[in-house]
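Each remark here refers to the structure printed beneath this line.
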2 protein chains.
Amino acid sequence: MSGRQSGGRPTLEEVAALAGVGRGTVSRAINGSPRVSRQAKEAVARAVAELGYVPNQAARALAGSRTDAVALVIPETEARIFSEPYFLDLIRGVSAELAEADKQLLLTLVRTEAERQRFEHYLAAQRVDGVLLASVHGDDPLPDRIARLGLPVVMNGRRSEAEPVAYVDSDNIGAGRAAVAHLAGRGRSRIATISGPLDMYVARARLGGYRAGLAEAGIKPDESLVATADFTEEGGRLAMRELLERAPGLDAVFAASDVMAAGARGVLREAGRRVPEDVALVGVDDSTVARLMDPPLTSVRQPIEEMGRTMTRLLLQKIAEESRADAASRQGEGEEPRRVLPTALVVRDSS
Amino acid sequence: MSGRQSGGRPTLEEVAALAGVGRGTVSRAINGSPRVSRQAKEAVARAVAELGYVPNQAARALAGSRTDAVALVIPETEARIFSEPYFLDLIRGVSAELAEADKQLLLTLVRTEAERQRFEHYLAAQRVDGVLLASVHGDDPLPDRIARLGLPVVMNGRRSEAEPVAYVDSDNIGAGRAAVAHLAGRGRSRIATISGPLDMYVARARLGGYRAGLAEAGIKPDESLVATADFTEEGGRLAMRELLERAPGLDAVFAASDVMAAGARGVLREAGRRVPEDVALVGVDDSTVARLMDPPLTSVRQPIEEMGRTMTRLLLQKIAEESRADAASRQGEGEEPRRVLPTALVVRDSS
DNA sequence: ACGAGGAGTGGGAGCGCTCCCACAGTACTC
DNA sequence: GAGTACTGTGGGAGCGCTCCCACTCCTCGT
């Protein structure tokens with residue numbers, strides 16, 4: 001009953017002893033440093049396998065000051081409003097990319113202001129190497145605050161046209177244009193739109209795309225054909241009623257989300273307008289909802305999972321640069337990366 | 001330019017110096033130990049505020065061997081199949097409960113066998129204090145393996161009637177019974193069902209509930225009215241076609257998920273059967289899909305978010321017990337907790 | 001022949017905490 | 001008046017890593 005009782009998990013030290021090398025060598029071998037002889041590497045590998053050694057993450061983080069974890073922040077309010085598959089797809093992309101890089105995902109749903117504060121606190125506790133931010137509102141100060149903390153950040157979507165913080169967005173303007181071009185191509189000329197709340201850039205961009213699309217199709221814009229809602233089904237319903245009242249002659253509707261389109265569809269049915277014969281309908285998101293609607297909804301697809309992947313790739317890149325530059329005082333600081341991914345129209349029976 | 005340059009974040013030591021007390025006292029004050037005088041507590045609080053001190057998580061984890069983080073594991077394949085809002089709701093519940101306890105959520109989507117292995121690796125790296133497991137299959141060995149690692153586990157759903165590992169499930173048998181009782185109450189007597197894959201307990205339980213419901217309504221069971229699918233829309237479609245062929249006289253269908261119900265609804269329409277006049281339809285999940293279907297789908301609601309909360313509460317409890325017992329060799333080990341939460345029928349126009 | 005330089009290595013010195021032991025001070029008891 | 005029992009407190013000893021310096025061999029060049 002002597003010596004080191006292997007009560008807990010094995011440590012670096014024990015691996016070193018078994019492999020017959022020093023601690024430093026084991027550390028280097030495990031972290032893939034080139035400064036290790038083949039023999040040493042093999043001896044370490046054997047010892048690791050035999051002991052079932054796994055490096056202790058806390059010790060690593062403490063000594064090396066990197067956590068190999070990344071936070072993804074999702075505002076809870078948004079999570080309810082947005083068509084639900086959105087965030088799952090995003091998470092899927094982020095998770096896939098992180099797994100490849102052998103990093104962990106810390107998911108934070110932020111509900112209240114108090115939780116927001118607490119979240120900033122966590123960041124200060126150095127639990128993560130970087131932050132991904134989903135669906136920020138126009139006036140959200142969080143991105144800047146995190147950046148000021150010295151933590152790399154990448155956002156999904158942007159707060160305005162000229163966003164200073166790194167972001168990955170989908171081509172929302174293109175989405176609006178594509179929808180209108182499609183409707184115009186089907187011979188529609190009284191094309192209405194149900195927009196999202198205008199304090200969100202995504203809503204303004206889609207509306208801008210709608211207007212650009214009209215111009216390109218040579219259709220005179222008419223403000224009575226523009227209604228604003230809040231991305232909810234109920235909002236879509238209200239907006240549709242308003243539109244029917246203001247412009248009963250409309251023959252097409254571009255809704256800035258599938259869920260609002262679903263609301264609108266209900267109102268159209270109640271009003272006795274057939275889809276697509278009387279009114280053509282196009283949404284955005286290409287969600288499950290779109291596929292299951294009757295008739296199935298034509299919708300502009302965003303590459304959500306791909307956005308998740310791209311964000312993550314950018315973030316990991318920033319993290320890597322940061323740790324390299326580090327003492328170099330980060331003079332260059334470089335450009336904040338921006339990516340705008342293309343959208344695609346998925347034509348179904350509603351148009 | 002002398003003394004300690006406060007280059008990085010402040011440490012415990014600096015707080016102690018400023019407060020004029022020892023390191024131990026600061027640690028005790030911060031962790032809410034009762035063995036601290038009021039004055040000391042206040043001095044520490046002031047110093048913490050002044051310096052903006054936040055404890056370093058890695059150091060804490062290393063010294064105290066607890067991470068204040070919990071992993072939630074979701075098999076990726078399931079995430080695609082299940083009606084999507086399910087996991088978001090679950091995450092929401094887990095996240096809310098963890099936030100209250102000031103713990104972090106590590107989300108892991110497991111795609112491949114390789115990622116599974118890697119995940120077990122992470123567990124061994126002592127990154128989390130416990131594990132939540134979502135939607136386990138009948139023969140999944142993961143729960144037992146984790147338990148054997150000495151980590152507390154709670155599952156969402158169970159693998160069989162007699163599940164040895166702690167779990168939180170919804171009353172799937174009750175769901176089936178309620179659906180059938182409702183349909184029978186509406187005067188239907190040729191009630192069919194579209195079941196999930198029978199290697200999943202949840203599918204067997206709902207099917208069992210269906211049978212129990214028939215018995216209670218005094219309806220003779222008929223195996224030609226039972227079809228098995230895989231929880232997908234396409235599966236629901238195929239199963240519905242099969243049912244119409246085998247039992248053209250059916251007047252109601254209980255689908256074990258909303259998504260399958262949506263598939264079935266399409267087939268019914270193609271076959272010229274009106275819902276609910278000719279065939280009444282009931283699903284399970286009460287998802288967005290159900291609300292948006294035409295007609296809106298009657299569905300059995302599961303308290304998903306509440307399941308997430310309950311799982312988390314149970315897990316945190318286990319973690320607390322574990323750290324308390326610890327040296328006590330955990331002789332009692334106690335009963336593994338189990339919870340079965342009630343479901344509720346939401347009646348809409350499809351029945 | 002000898003020194004310069006690189007490859008490979010061992011191990012000390014932390015990283016910032018928690019745990020725990022020792023000890024001072026105060027408040028009792030008999 | 002000396003013992004006993006607390007409450008508070010300071011600070012040493014780690015936790016298991018990474019970083020880095022110092023050291024030993026080589027292999028070259030001249």
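Note that the coordinates shown come from a computational prediction; the quantities given were computed from them, not determined experimentally. Just so it is clear, the values below take in all heavy atoms, side chains as well, and ignore hydrogens, waters and symmetry mates.
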* **Between the first and last five pairs of the helix from C:dA1-D:dT30 to C:dT29-D:dA2, the angle of the axes, rounded to 10 degrees** =>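 If I round to tens, the end axes sit 50° apart.
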* Considering only heavy atoms from C-beta outward, does the side chain of A:Leu132 approach that of A:Leu315 to under 4.5 Å? ->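 When only atoms from C-beta onward are counted, A:Leu315 and A:Leu132 do touch, with a gap below 4.5 Å.
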* **Min side-chain heavy-atom separation A:Val94-A:Arg309 under 4.5 Å** =>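 With C-beta onward as the side chain, the pair stays apart.
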* **Pairs meeting criterion side chain to side chain donor-acceptor pair (under 3.5 Å) with involvement of residues 49-61 of chain B, two or more places apart** =>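 Listed once each, the pairs are A:Arg127-B:Gln57, B:Asn31-B:Arg60.
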Name every donor-acceptor pair, under 3.5 Å, that has one atom in a side chain of residues 148-155 of chain A and the other anywhere in the protein, sequence neighbours excluded.
none

Nearest-Å distance for atom pair [atom1]/[atom2], residues [X] and [N]:
X        : N      : atom1 : atom2 : result
B:Glu13  : D:dG10 : CD    : C1'   : 11 Å
A:Arg127 : C:dG16 : CZ    : C1'   : 15 Å
B:Arg60  : C:dC19 : CZ    : P     : 10 Å

* Taking the nucleotide of DNA chain D with the closest heavy atom to each, which residue, A:Leu62 or A:Arg66, is nearer the 5' end? ->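 Its nearest nucleotide lies further toward 5', so the answer is A:Leu62.
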In plain terms, say whether [X] and [Y] are close enough for a salt bridge, that is, a side-chain N and a carboxylate O under 4.0 Å apart.
X        : Y        : answer
B:Arg66  : B:Asp129 : no
B:Arg116 : B:Glu120 : no
A:Arg159 : A:Asp144 : yes

* Asked: Which atom pair, heavy atoms only, marks the closest approach of B:Thr67 to B:Gln126?
  ->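 Residues B:Thr67 and B:Gln126, closest heavy atoms: CG2-O, 3.3 Å.
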* Does the side chain of A:Arg338 pick up a donor-acceptor pair with the side chain of A:Tyr167 at under 3.5 Å? ->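 Absent: no donor and acceptor within the cut-off.
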* Asked: Where along residues 22-42 of chain A does a heavy atom come under 4.0 Å from DNA chain D, residue by residue in number order?
  ->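 The answer is A:Arg23, A:Ser27, A:Arg28, A:Asn31.
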Which atom pairs, donor and acceptor, lie under 3.5 Å between side-chain atoms of residues 101-113 of chain A and protein residues at least two apart or in another chain?
from	atom 1	to	atom 2	distance (Å)
A:Asp102	OD1	B:Tyr122	OH	2.5
A:Lys103	NZ	A:Asp68	OD1	3.1
A:Gln104	NE2	B:Tyr122	OH	3.4
A:Arg111	NE	A:Glu115	OE1	3.2
A:Arg111	NE	A:Glu115	OE2	3.0
A:Arg111	NH2	A:Leu109	O	3.2
A:Arg111	NH2	A:Glu115	OE1	3.3
A:Arg111	NH2	B:Ser95	OG	2.9
A:Thr112	OG1	A:Ala114	N	3.4
A:Thr112	OG1	A:Glu115	N	3.1

* Please list residues of residues 45-55 of chain A whose heavy atoms come under 4.0 Å from any atom in DNA chain C, ordered by number; otherwise none. =>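 By residue number: none to list.
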